[in-house]
Structures are given as C-alpha cells and as structure tokens.
Protein chains: 2
Amino acid sequence: MHTAVKTVNRLQNYSLRNMNQHGLCRIVIIEDDNLIRESFVTLINENEKFICIADYDTCEEAIKNLANDNADVILMDIGLPGISGIEGIKRIKSAKPNIDILTVTVHDEDEKVFNALCAGATGYLTKNVSPERLIEAIDEVRLGGAPMSTSIARMVIGSFQKSTLSPLTSRETEVLQLMTKGKSYTMIADELHINKETVRSHIKNIYQKLNVNTKAAAIEKATKDRII
Amino acid sequence: MHTAVKTVNRLQNYSLRNMNQHGLCRIVIIEDDNLIRESFVTLINENEKFICIADYDTCEEAIKNLANDNADVILMDIGLPGISGIEGIKRIKSAKPNIDILTVTVHDEDEKVFNALCAGATGYLTKNVSPERLIEAIDEVRLGGAPMSTSIARMVIGSFQKSTLSPLTSRETEVLQLMTKGKSYTMIADELHINKETVRSHIKNIYQKLNVNTKAAAIEKATKDRII
DNA sequence: AATAAATCACACAATTTGGGGGAGTTATAA
DNA sequence: TTATAACTCCCCCAAATTGTGTGATTTATT
C-alpha cells in the first residue's frame, strides 16, 4: 500500500542559499502521485519568484530533510495512506513553526479539513485548483493570508455558527455556556447574579429538553447540535 | 450619538420582483457613512448582475423592511455605534437564515471578527477592499464561498491551531481535554482505561503546572493559552 | 544513576450534582 | 381573560465529585 520511501529530487544546497538571497521563495512538495507531483514542480519552477527545492512522495522523507531544505512553504497532499498527512503536518510544524504548509487535497470532508487546520496547515486547497490559483495561493500565504477553496472557507466559517433552532431559552443557553467552561452551579449563579437555586432550576430544564441527565451528556449534545 | 433613523432609499417592489426573475442578485446595504454607502450603491448598480434594492444607515431600519426587501445578500458595516452591528446580524439571520451577510468593516480585531462570524456573517472584508474584490466577494458568497480579507482568513485559521509550547505532557493534555467536555474523574478514567486515582494524579499536576486550583480556572487558562 | 512520565493508593472535608417536591412574578399569546 | 412560557427562588436528600495531602511503583530516556 505504501510505496518504497525515496527522495525524489533534491537540489544542492550551495546554489539554493544563493537563490534565497535573491528573494526566491523556497518550496517543498510532498505528494505521492508522480504525475501531480511533477506537474507541481514544473509549475512552481516556471514562476520566477519560486523555486522547488525538493519533492518527496512521503512525509517521512520530507521530515528527514527538513533542516537542510529550509523551505518557506510546503505544498502537501494529505490524502496519503494512514494518518501520515495530518501527523506529518504536526511534526513539521513543531520542528519548524515558521514554515507555511499549504494542503492540497481531493478531500473536503469536515473531519480531514479541521484536523489539518488544527494540526497547523495555513491553507487548504482542493485538488481541482487551477495553476494560477495555486501560484496565487502561495503568494497569499507568504503575505500572511490563508488561502482556501471556496467550499473549505464556507465550512470553516460555518464552524463558528450556531444553530438557529435551539430548544433552550436564552437564559438556559447562558447557563449551559458557563457549564461548558467548567463552572460550578455556585459560580454560574454569581456570574449571572441569580440564586444558586435558580441555576439548578435552569439546569433541570436543560436536561429535560436535551433529554440527558449529566453535565457531560448535556455538553456533548449541545456541542453536536451546535446550540452553544 | 445615533443619527435619526431614516430609510435612505427604497425601490418599489413591483419592479424588483421583475428584476429578480431575470436572475438579478438583490442586495441591501447597511452603512452609516453616507459617502461610503453611496459609493457602494453606485458600485453595485453598475454591475449588471446586481441590484441594490435598498440602503439604510441603521440596522433597525433594515430589519423593519427585511421581509419586503427580500434581499439575497446584505452588505453591512459592523463598526456602527453600540453592538447594533453584531446584534443586527443575529436578528437578520434568525428571521431570514438564507440571506448571506457580508461584513465590511475597518476593524480587524479578533473579538469583533469572531463575534460577527458566530452571529452569522458569511464573509468578512476590511474596508480597504477594492471595488473589484467587493464585487468578486458578492459573487463568491452566492456561489457558496466565504470571502475574507487575507488578514481575517489568517485569524480564522489561526483560531483552530493550538500552541506548540504546552507545559503539559500528552497524557495530561488528554485528561484536560476530557475535563473540558464536562466529564467527571470517573468518566475520564473509564475513557482512558486507567484508574480514577491516576486521573486525580494527573489533574493535580495539571493544576500545579497551570498554577490554578479549580476546574474552571484550568479550563480558562488552557483555552486562553490555546493548549487544548 | 537520575529524571520525567505514567501509573496507582488511601484518607478527609467540603462542595457539587441530580432528583424530587414546590411557589411566585412577569410578559406575551390565545 | 386566561393560559402559557420564562425566569425566579426555596427545601430536602443521597450519592458523587472535587481539591489536597502524602505517599509508592514502573517504564523509558538521558
């Protein structure tokens, strides 16, 4: 399932340092599909601002050469076998926090995307990205942006938004929110300037409405239903 | 402080319905600065795909006419006095969830941005946006995207990412994560397949490292420092 | 050999939690 | 006008949880 690990292409160091002085943006590509990888390399090197220092077909190889490659931007596929994509991002980021990682992938399922972002990806493009957009995205990421495909952007924004249909009243929602922060009934009461007994009342109602009977279950349900 | 409420401009309905049938995208503008508002109106109406149905200088007025205006997209300033911007988004969204709200603002402070997104804004542009980019953004939002200025995008992405420098061990982090979900020591122990006493040990260490002595304080500190 | 990490044990007091029963006020809808 | 919903507060009880203290053992890693 996993092809043999190999360094696909690595330029010599002396020339690279030279190039970097000229303001070139150093790029590393991690992608297991030969065709795609090579087309990325060509695309990058066609642009005078960028240079592709190395390209790998596994994260493991890329990580081995991380220090030497001294990349500014890594373009990586996270659709590789196993969790090596997400895990790769974490390792690279913890070793070299200043590298911008652009994920390029066929997947746009919630989980993969958010895992990649949490792991430290700075941008997230789907594979149908146009060559122009890819170049633009690299520029953008270097300028402090966070390029995303439109569908990804909507998912990301959507993750901030709460459901409009909540069974809870506004006061109950307030109480639940404070519960989420680990506050005790007493603390909640103090913060809302109401009696502890009132808080207990609200919580009883919350539990009934959410059909749960523990704090943890209430928080879980509320999180899943996006009502907090 | 608050200028007198007035409807600045509203087209007649019969003509609008007609136009909508022709596939026009109906836009409402909420902005208190006359100059900016008018330049937005002009810009929008110059484009054959869009029509500015109405423009208001307060949210209150816009909300009153919400049903009549039947907008597809609302372009709004959230830098208005008070919380009326954020609160306005909430009201509009809860009344008409299908309207896409694009916020255009001078502010790019964390809090304002995230509040707007949580309230239901679909896009977030800073006011120095170019006319072309603004038009592009409206297109984008209608196509299911979530246009953001580069700096905003980076903030949003950044909000997913954890700090790489955590004083906690991986096991301690796991425990803290489950605490955040409202789980009791017993539940945490079950979930991690360890003894309850071990969980208590971990929590003691967590408290010491974070320099706190309650659950709520630990969660707060961990959230602030982005270690969970 | 030493240190950090993870595991487990016991004890104690104080607090929290979930469940049960109520009851009053206010505002809005039928 | 009368419901009804929302918010407020009160009491009781038993079980569980929490914070703190003071330990110990094992397994890696240095």
Side-chain angles (χ1 to χ4, degrees), chain A residues 90-91 94-95 162-223 227-228, chain B residues 63-64 67 87 90-91 94-95 162-223 227-228:
Chain A
K90 282 187 195 163
R91 302 234 177 110
S94 83
K162 289 134 187 95
S163 160
T164 46
L165 294 128
S166 168
L168 305 184
T169 68
S170 64
R171 201 51 152 177
E172 283 160 2
T173 308
E174 278 184 289
V175 171
L176 187 53
Q177 235 143 23
L178 293 172
M179 274 206 281
T180 305
K181 295 183 178 169
K183 316 246 181 189
S184 72
Y185 294 10
T186 316
M187 290 165 135
I188 296 174
D190 286 350
E191 220 158 307
L192 297 181
H193 306 295
I194 55 178
N195 193 282
K196 190 207 281 197
E197 286 304 320
T198 308
V199 174
R200 289 160 65 74
S201 256
H202 286 309
I203 291 176
K204 283 176 209 171
N205 292 329
I206 292 170
Y207 285 4
Q208 206 158 34
K209 287 183 181 177
L210 299 186
N211 209 257
V212 295
N213 63 349
T214 59
K215 204 197 316 178
I219 292 175
E220 195 188 344
K221 186 153 179 59
T223 306
I227 61 182
I228 47 162
Chain B
I63 290 169
K64 271 185 202 160
E87 191 52 38
K90 282 188 197 162
R91 301 236 178 106
S94 84
K162 288 133 185 101
S163 162
T164 44
L165 293 126
S166 169
L168 305 184
T169 67
S170 66
R171 200 51 153 176
E172 283 160 2
T173 307
E174 277 184 293
V175 171
L176 186 53
Q177 236 143 23
L178 293 173
M179 273 207 279
T180 304
K181 295 184 177 168
K183 316 246 179 187
S184 71
Y185 295 8
T186 317
M187 290 165 138
I188 296 174
D190 286 349
E191 219 158 308
L192 297 181
H193 306 295
I194 54 179
N195 193 281
K196 190 207 282 199
E197 286 304 318
T198 308
V199 174
R200 290 157 66 77
S201 255
H202 285 309
I203 291 175
K204 283 176 211 170
N205 292 329
I206 292 171
Y207 285 5
Q208 207 157 35
K209 287 182 181 177
L210 299 186
N211 208 256
V212 295
N213 61 350
T214 60
K215 203 198 314 176
I219 293 176
E220 196 189 342
K221 185 151 180 59
T223 306
I227 61 181
I228 47 161

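Below, chains carry the letters A, B, ... as their sequence lines are ordered, and counting in each starts from 1. Scope of the values below: all heavy atoms of this structure, side chains included, with no hydrogens, waters or symmetry mates.
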Closest heavy-atom pair and its distance - [X], [Y]:
X	Y	answer
A:L192	A:R171	O-NH2, 3.4 Å
A:K196	A:Y185	CG-CB, 4.0 Å
B:A216	A:G182	CB-O, 3.6 Å
A:T173	A:I227	CG2-O, 3.8 Å

Lys/Arg N to Asp/Glu carboxylate O, A:K181 vs B:E220, below 4.0 Å: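 Salt bridge flag = no for B:E220 with A:K181.
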Over how many whole Å does the gap from [X] atom [atom1] to [N] atom [atom2] extend?
X	N	atom1	atom2	answer
A:L210	C:dG18	CG	C1'	15 Å
B:H202	C:dC8	NE2	C1'	10 Å
A:Q208	C:dG19	CD	C1'	11 Å
B:L168	C:dA4	CG	P	16 Å
B:N205	C:dT7	CG	P	12 Å
B:R171	C:dA6	CZ	P	8 Å
B:E174	C:dA5	CD	C1'	13 Å
B:I206	C:dA5	CD1	C1'	13 Å

Counting only heavy atoms not in B:Q208, do more than 12 fall under 6.0 Å of its CD?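 Not buried by this count: 12 neighbours or fewer within 6.0 Å.
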With a 4.5 Å heavy-atom cut-off, do [X] and [Y] have their side chains touching?
X	Y	value
B:V199	B:M179	no
B:L176	B:L210	yes
B:M187	B:L178	no

Which part of the nucleic acid, if any, lies within contact of B:K204, taking any heavy atom under 4.0 Å across all strands shown: a base, the sugar-phosphate backbone alone, or nothing?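 Since a base atom lies under 4.0 Å of B:K204, the category is base.
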Name every residue in residues 185-201 of chain A that has at least one heavy atom under 4.0 Å from any atom of DNA chain D, in order of residue number, or write none if there are no such residues.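 Going residue by residue through residues 185-201 of chain A, the ones with a heavy atom under 4.0 Å of DNA chain D turn out to be A:I194, A:N195, A:E197, A:T198, A:R200, A:S201.
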At the 4.0 Å heavy-atom cut-off to chain A, mark where contacts on DNA chain D begin and end, going 5' to 3'.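 Range of nucleotides touched by chain A: D:dA6 to D:dC12.
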